[in-house]
Amino acid sequence: MPGAAQPQIKRRSRHKTESDHDSGWQVIVWNDPVNLMSYVVHVFRAVLGFTESQARKHMLEVHEQGKSCVARESREKAELYWQQLQLRGLTTTIERSR
Amino acid sequence: MDAGFEWIFDSAERFLLIRVFEGLVKDYRANPRDLNERVRETWYSSRGRKDAGQNQEDFEEWIRQLQQFRGEYSSLAADWLKTWKMIKQEPFLWTLESEHVDPFLTLINDYRLARAAEMDIGQGEMDAQWDEIPDRARRMALAEIHILAAMMEGLIRLSDN
């Protein structure tokens with residue numbers, strides 16, 4: 001419509017929400033020569049609550065690619081997983097998601 | 001309710017488990033500073049500290065918590081040891097409660113990791129044939145690692161299915 005003021009529409013940048021921070025940390029499990037594949041699957045199921053096929057997929061990733069990101073979580077939860085996995089003998093680190 | 005797993009040991013297996021768990025109880029109760037350097041780095045790894053943004057104080061608290069968990073496991077291991085040493089008949093029947101499968105596997109695995117670290121056993125040795133390892137002590141450590149792996153495989157197969 002001529003003369004009518006155009007609505008000012010701007011794309012607002014989305015404020016970071018709680019859920020953005022929630023998945024800000026990656027939990028990474030690294031390959032090693034001693035841990036058994038079946039044990040790694042067992043630990044993934046016990047600690048991370050993975051199904052058999054999820055656990056197997058991540059175990060194979062660790063075995064074939066040297067590492068696997070097994071979770072993206074809040075700092076607190078990532079630390080908890082890190083500790084639980086390390087306590088069970090898996091070489092684990094956490095880092096900020098890129 | 002699932003009561004657990006019945007395990008029948010012969011004397012050689014019982015002897016091995018007693019040796020393994022005695023070693024674990026001793027090392028779990030030790031100050032990490034007093035452990036073999038490679039074992040310490042395996043059980044109380046500092047890897048990833050920097051990426052995790054842990055300062056010295058955080059790291060010390062982290063180690064304290066890991067030690068606390070291992071302290072709980074060592075009490076469990078000490079109880080099992082008492083049972084294994086007390087019963088003399090052969091073959092020897094032992095029941096592992098379902099709730100203790102995870103700690104039992106963790107303990108045995110920790111021993112395997114520690115022996116491998118102590119003896120500098122890597123992928124090459126893990127894949128090698130018995131007679132390809134000239135050093136007797138390393139060969140013995142490797143044998144223990146493989147025998148314990150077979151025990152773990154059996155228990156995992158039963159417990160996860």
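Each of B:V39 and B:L142 belongs to its own hydrophobic cluster when Ile, Leu, Val, Met, Phe, Trp and Tyr are linked at side-chain heavy-atom distances under 4.5 angstrom. Hydrophobic clustering (ILVMFWY, side-chain heavy atoms < 4.5 Å, transitive): B:L16 and B:I121 are in distinct clusters. Linking Ile, Leu, Val, Met, Phe, Trp and Tyr whenever their side-chain heavy atoms come within less than 4.5 Å puts B:V20 and B:I147 in one cluster. Note: the hydrophobic cluster containing A:V47 also contains B:L155 (ILVMFWY, side chain heavy atoms under 4.5 Å, direct or indirect links).
For B:H146, the NE2 atom sits in a packed shell: over 12 heavy atoms of surrounding residues, nucleotides or ligands are nearer than 6.0 Å. When the shell of 6.0 Å around CD of B:E37 is examined, it contains 12 or fewer heavy atoms from other residues, nucleotides or ligands. Crowding of B:E57 atom CD: a count of heavy atoms from other residues, nucleotides or ligands under 6.0 Å not exceeding 12. Under a cut-off of 6.0 angstrom, the local environment of CZ in B:R136 is sparse, with at most 12 non-hydrogen atoms contributed by other residues, nucleotides or ligands. Within a 6.0 Å sphere centred on CD1 of B:I8, heavy atoms belonging to other residues, nucleotides or ligands number 12 at most. When the shell of 6.0 Å around CD of A:E76 is examined, it contains 12 or fewer heavy atoms from other residues, nucleotides or ligands. Remark: B:F15 CZ is loosely packed, at most 12 non-hydrogen atoms of other residues, nucleotides or ligands lying under 6.0 Å away.
Within the 4.5 Å cutoff, the side chain of A:Q86 has no heavy atoms near those of the B:F69 side chain. Residues B:I108 and A:Y39 are not in side-chain contact: their nearest non-hydrogen atoms beyond the backbone lie 4.5 Å or more apart. Proximity of B:N109 to A:R88: side-chain heavy atoms (C-beta onward) are nowhere separated by under 4.5 Å. B:L113 is listed as a side-chain neighbour of A:N35, based on a closest heavy-atom distance under 4.5 Å.
Heavy-atom distances place both the backbone and the side chain of B:W62 under 4.5 Å from chain A. For A:W30, the part lying under 4.5 angstrom from a heavy atom of chain B is the side chain only. Neither the backbone nor the side chain of A:Q26 has a heavy atom closer than 4.5 Å to any heavy atom of chain B.
Minimum interatomic distance between B:Y73 and A:L87 (heavy atoms only, all atoms of both residues): OH-CD2, 4.4 Å. Residues B:G48 and A:T93 approach most closely at CA-CG2, 3.6 Å, considering heavy atoms. Shown here for A:P33 and B:M126, the closest heavy-atom pair between the two residues is O-CG, 3.6 Å. Annotation for A:A46 and B:D102: closest pair CB-OD1, 4.5 Å, computed over non-hydrogen atoms. Between B:R47 and A:W82, the shortest heavy-atom contact is O-CZ2, 3.9 Å. Between A:S38 and B:I156, the closest heavy-atom pair is OG-CD1, 3.8 Å.
The candidate with the highest count of non-hydrogen atom pairs below 4.5 Å against chain B, out of A:E52, A:H42, A:R45, A:M37, is A:H42. Of the listed residues A:I28, A:L36, A:I94, A:D32, the one with more heavy-atom pairs under 4.5 angstrom with chain B than any other is A:L36.
Within the model, atoms CD of A:E79 and CD of B:Q65 stand 8.5 Å from one another, a figure rounded to the nearest 0.5 Å.
Of the possible donor and acceptor atoms, one in the side chain of B:R112 sits under 3.5 Å from a partner among the backbone N and O of A:V34.
Under a 4.0 Å N-O distance rule, the pair B:D51/A:R96 does not qualify as a salt bridge.
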